[in-house]
Protein chains: 4
Amino acid sequence: MVTTTSTLRARVHATLLHSNDSQSGRRWRAFHLFALGSGLLAVAVSSVESLPDLVDRLLALIIVLVAVIFLVEYGLRLWSAPESPRYSGLSDGRARLRWALSATGLIGLLAVVPAFAISISAVKADSDIAAIFCILWILKLSVHAPAMGTLLRVISNERATLSSVLIIFIIVLVTAATATLFFERSGQPDQFGNLPSALWWAVVTLTTTGYGDVVPHTVGGRMVGSVVMVSGILVLALMTGILATGFAEEVRRREYLRVWDQVVKVPMFTELGTVTLSEIVSKLRVRHYPPRFVVVRREEPGDSMFFISEGEVEVRLPREPVRLGQGGFFGEMALLDRLPRSATIVTTQPTTLLVLYASDFYEIAAHIPSLVAAVEKEARRRRQENEAGQVTPSVSP
Amino acid sequence: MVTTTSTLRARVHATLLHSNDSQSGRRWRAFHLFALGSGLLAVAVSSVESLPDLVDRLLALIIVLVAVIFLVEYGLRLWSAPESPRYSGLSDGRARLRWALSATGLIGLLAVVPAFAISISAVKADSDIAAIFCILWILKLSVHAPAMGTLLRVISNERATLSSVLIIFIIVLVTAATATLFFERSGQPDQFGNLPSALWWAVVTLTTTGYGDVVPHTVGGRMVGSVVMVSGILVLALMTGILATGFAEEVRRREYLRVWDQVVKVPMFTELGTVTLSEIVSKLRVRHYPPRFVVVRREEPGDSMFFISEGEVEVRLPREPVRLGQGGFFGEMALLDRLPRSATIVTTQPTTLLVLYASDFYEIAAHIPSLVAAVEKEARRRRQENEAGQVTPSVSP
Amino acid sequence: MVTTTSTLRARVHATLLHSNDSQSGRRWRAFHLFALGSGLLAVAVSSVESLPDLVDRLLALIIVLVAVIFLVEYGLRLWSAPESPRYSGLSDGRARLRWALSATGLIGLLAVVPAFAISISAVKADSDIAAIFCILWILKLSVHAPAMGTLLRVISNERATLSSVLIIFIIVLVTAATATLFFERSGQPDQFGNLPSALWWAVVTLTTTGYGDVVPHTVGGRMVGSVVMVSGILVLALMTGILATGFAEEVRRREYLRVWDQVVKVPMFTELGTVTLSEIVSKLRVRHYPPRFVVVRREEPGDSMFFISEGEVEVRLPREPVRLGQGGFFGEMALLDRLPRSATIVTTQPTTLLVLYASDFYEIAAHIPSLVAAVEKEARRRRQENEAGQVTPSVSP
Amino acid sequence: MVTTTSTLRARVHATLLHSNDSQSGRRWRAFHLFALGSGLLAVAVSSVESLPDLVDRLLALIIVLVAVIFLVEYGLRLWSAPESPRYSGLSDGRARLRWALSATGLIGLLAVVPAFAISISAVKADSDIAAIFCILWILKLSVHAPAMGTLLRVISNERATLSSVLIIFIIVLVTAATATLFFERSGQPDQFGNLPSALWWAVVTLTTTGYGDVVPHTVGGRMVGSVVMVSGILVLALMTGILATGFAEEVRRREYLRVWDQVVKVPMFTELGTVTLSEIVSKLRVRHYPPRFVVVRREEPGDSMFFISEGEVEVRLPREPVRLGQGGFFGEMALLDRLPRSATIVTTQPTTLLVLYASDFYEIAAHIPSLVAAVEKEARRRRQENEAGQVTPSVSP
């Protein structure tokens, strides 16, 4: 009995994990995203004043329904909290308490409570309280952004430079606001009467938003304005330069680890030494495909070959289709002979492929002749079998 | 008889292919672009209300004419469909059916049908239906963008990161809209009365578009607005960083293959082994020139040498012009002796050149002395002949 | 007595230095930033007309208080000026005179004088003079931007290219203004009556600010406007491209020196030769952490190892915590065995770590086997001790 | 006599060349830029209607004066045209005729003619003709942008990709305009009545300019607008990505040649073989300094050493200043011992330096020990002499 509960609890915990890549995990995320979207949309529409009563009731129903879904989610997460490795070594009760007091736990609770407060007090959702929901529910959206960690790490790594740009931004802002104040105050006392108003104009101009609610009329004010606009372009260019540089480096690191985790599943690569392997890893790219996805199409030109690290593909050959499983590879003729694809290849299940582009293949060829020799040997065997009219998967037992 | 038709059909099919680089292919594309532009312009102008009747009739005539051109194109494409390698192995009828049901075929049909519906029912084009044309005809424009494939692949490769930025975008949007709603609703019930209106303001502000139709007036609303504008700059910087990184990588791969396809036509390179060749390929750049294009001009400083992979150039020497054909090279003195160009060189036909810049030449020199030796030997011979007053092409039989 | 004064003076001078990283230096900067922010805010708010008298008095008080703080700062800087290496070899009086006449000294003086001029003449701050403060006090903000030097160096290095973009900018501006003048003058004589007005429209449009106060109405003017807007995007893209390229190079150089200054404190690295060291330096990253910061968390996946160049960390092991000091390293198992972190590690004091990411570790492994061997040996020892139930710091005396 | 004229003509031609880096060339360019600026400013101001008569006359005088300067320039350029290597081998008359018919010659003539047409017919400059000037005079500004060639080459290299982005731009534009037309036409017949009007709105929105003169009011129109704004950000990001990538490559090539041209003047480098030299060239940076410029300041931290390729610097040592000329180097102690600068170094004339940053120095050290050894030997000698109290230039005869 205990074992069954534990197993179930472990399964529930795994499904709710956002990094879970299994089918149940993906279905849960799709459902969660749908519920979240519906809920936010309902809150947004319900804030419109003159809706017919029926629509108002319907929207309130949707909001409550979504809140119930989040309540059930909260309960399941609380129940399965002891499965988290973060709380390993603690008793079930303590683990649940610590999860409930963590940021995730508190957000989860807050997202649920007000919905029910409303549904009890009155069925009609008041738009003031509706707005509070939005802020809380929208935070739940962040878990659907897998690359957000990378983005946050880039911003964190570059925080010194970004804050310097921000200080330049503020210096330009205050200087421009003060200068324009001098020029425009006498002519437009309402728009440029005091420093806060002038600062509002400066922000709107420096970000090149340009509402047009406050606009300088004097020659001096327009000259300052022109300088501010050009500075705005410079600030944007500097920020982009900083983030682009940091981003390129971070992406390279992340991709390296993603490839490394897949490469170890391909016997062909693991036979190579660590040094050689490290070089290949930096050249491969990971691609995830859903089932029944056409990876390559017959007669199309190709510039890459593929190694299967997970899943299975079907090679649609004229006589009978052949299946290639984990550790197999295909598409090598596009690289060796620069020929168009000789067959259409389709995934049969969720499949992870490692892509090796032509430009990188030839570079590797110079350093790791053994790998190329292995690929060429297999290619020769396939070509002969192609001529003989039958193809077998490249990974025989 | 059958052979003639087949040959004609193959030629028509090749001409209509968008990747066709021959003269007939290029002329077809220029004509197609002209017809498309005229058609779209006519549709746009005809939607203006108060045009004189004569102009209205003229525009309707142009629209019908363009539709006829697209009808003829549709017919030719349908007829020559069996030539496509994608439908090889199928009977002519089945090939045409499958093409007619493909995306290209359906768009082609839809672009033709309504034009004739109009021209039959009434000569005057109604602007509602005119608008439908636009959307259909504009899709035909996409085939004139050769690098669109690269762009789409970059966006597809970076979709995980881009969607994360989009989610950050939405989170900022909803949070800002909700916060501004609180501050501004009492003062501007018409502009900030409900969440959808506030969201419209937030989108206009976050993208730094700033129409100015809805503007916050309270101090709190302006503070939120300022943060949103700065976030807008950050979002733009992040997106640019992501796309710039992905684009650089994709361009490197595409260029590598383009160069590789040209390098194999130059005997000088093919003599080198695969490893050496792979290194050179990453240093060369492909450039296509029309006939009578001045590639280098006498006495101008130069920083590159050229290898001819297709076509022919004329070296305008004082005594008599000399012609260099496929496999020849020129401009090496700019690299070896840092001298200005000694002669003007002009293409005589559509020519494809491989450019090698000085910075890359010296880098290659360190690793592939044999190539540099060959270039230097030919250069010495030319210099001697220059002094003796005659020059011969670098590739003698 | 003399010695005591000198020591105190040296300590004061060191604390006021903006590059000082000690605790007293950091506290001084935080206090300075707070005073500056309060002062600027008070100046900004006091420029609003209709404030109650009490608030006006309070703001005046804050402004005077901040001015006193800056006066004391000015006095301390003047007194400790002889400690600066820039004035070494000069007498105390001459050193102070030269500092007082330097840019920093003059700004310091100017920021103090007007505040007292106001506070003597009248307690109520006049907003005209208040504005002058802003410009002077805002300049003091620039010392809080550590990366501003890098940004200025990038702009200085790229000044030739940036000024070329600026000239393109001006050419587009004047051409567009002239062309629009022709189209719009007859219809909007007030908005497009003369060239300066048309130039204002062109700046607002080319920077894509778009106030909307001046908008073309004719077809010709709108066409010119469309081209200007697209040019605006191109100009922005060019500027970003220039700054991004320059920035990446400058950051690489700055980071190299920062790492080099830390690497020499780690005995493990200094044993390597200069050539090997130079290669490692380009792979490491410097990270500063405050006390009690969780560097790695138990059970989380890791992609980096850390070397301690300054400070101390606590390894929170099940039995008893272990401390690692300068020269120690941790997190190597994430790289060697791709395992999650085996313990939570927290800093006990301000600590500087050198981060080595997995992708770079494997690359180094190929070239410097001795380093990897040392890391592996220590890792093996730790694992055995882990199993035996006790861990000792990696740097034993 | 003939020789004198030829020499003078050659000198005039050299001075007027825009790439001329001598003192007379630089002075000419400064004067030309000043005259051009004054002229354009005068034209702009004279287009204002209600100026006093005296100002009007003064402006007309300035315009005529600038036109006279341009006339003299035109005459000198025409006279010295035969000196251009582009027309070598032609008679003086033919050379001048061909220059007069070249783009530069025609622009020069057109910029002069209308100015005199006005000054003859009437002294008051009519603003219509004034506008023509602007377009012609502004073209002369382009010669003051030295990096414009690089920018144009980047745009030319990336034209295929840029035009694809432009086509995407047009497709989004037309689709959005058509869709918004449907939603908004009934509500705002004046703003969204026909396709050209809707296209104007789409351009203003897609470039995120956002004048606000035409704004969608319906929910559907606002949704389309939101998508267009986000697409605008994407288009901008794509363009930036394309130009940034192309720009980085082009800058690397240009810098390589600039360094190469300077490196050959330093004996220390020319002794190295071509292969070694090529590697060093890619690490050095060229910097031009005016006379009396402080290159390094005593006691400041340094991260680079300098080689003098042209000009002279003064090392301000305690006892007596020492001068270093072409081929000398300084600042090596910052790299070898990570010490602050031991002396202030100032240029005595226009000087060109080659900068070698620390990060690159150590990289080079690994491959070219001989260079480092030479630097170290000289550094040792200087240190000894520093201790002995006297320093001699590093390049002794």
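Residue numbers begin at 1 in each chain, while the letters A, B, ... track the order of the sequences. The analysis underlying the following values was restricted to heavy atoms, covering all of them including side chains, and did not include hydrogens, waters or symmetry mates.
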Applying a strict 4.5 Å limit to non-hydrogen atoms, the region of C:I242 in contact with chain A is neither

So, the part of C:R341 with a heavy atom under 4.5 Å from chain A: the answer is neither

Are A:R185 and A:F192 in a cation-pi contact, defined as NZ or CZ under 6.0 Å from the six-membered ring centre and within 45° of the axis? no

The side chain to side chain donor-acceptor pair (under 3.5 Å) partners of A:S156 (sequence neighbours excluded) come to A:R159

So, the part of A:T245 with a heavy atom under 4.5 Å from chain C: the answer is side chain

Any donor-acceptor N/O pair, A:E184 side chain to A:T218 backbone, under 3.5 Å:
yes

Contacts of A:S309 meeting side chain to side chain donor-acceptor pair (under 3.5 Å) (sequence neighbours excluded), chain-then-number -> A:Q262

When you compare the side chain of A:L181 with that of A:L195, does any pair of heavy atoms fall below 4.5 Å?
yes

Cut-off 4.5 Å, heavy atoms of chain A, and the answer for C:V154 is neither

Comparing C:T209, C:T240, C:L199 against chain A, the one with the most heavy-atom pairs below 4.5 Å turns out to be C:T209

Honestly, the part of A:S197 sitting under 4.5 Å from a heavy atom of chain C is neither

Is it the case that the side chain of A:T205 and the backbone of A:V228 share a donor-acceptor pair, with hydrogens and angles ignored and the cut-off at 3.5 Å?
no

query = Is C:R153 reaching over with its side chain to a backbone N or O of C:E250, donor-acceptor style, under 3.5 angstrom?
reply = no

Most heavy-atom pairs under 4.5 Å with chain C, out of A:S164, A:G212, A:G241, belong to A:S164

**Request:** Mark yes or no for whether C:R285, through its side chain, and C:L354, through its backbone, hold a donor-acceptor pair below 3.5 Å.
**Result:** no

The interface call for A:L166 against chain C, heavy-atom contacts under 4.5 Å, is neither

Honestly, the part of A:V165 sitting under 4.5 Å from a heavy atom of chain C is both

Under 4.5 Å to a heavy atom of chain A? For C:D213 that would be side chain

Whatever's closer than 4.5 Å to a heavy atom in chain A on C:R252 counts as neither

Whatever's closer than 4.5 Å to a heavy atom in chain A on C:F169 counts as side chain

Distance col, row A:E83:CD vs A:R77:CZ, nearest 0.5 angstrom, shows 13.5 Å

Cut-off 4.5 Å, heavy atoms of chain C, and the answer for A:E255 is neither

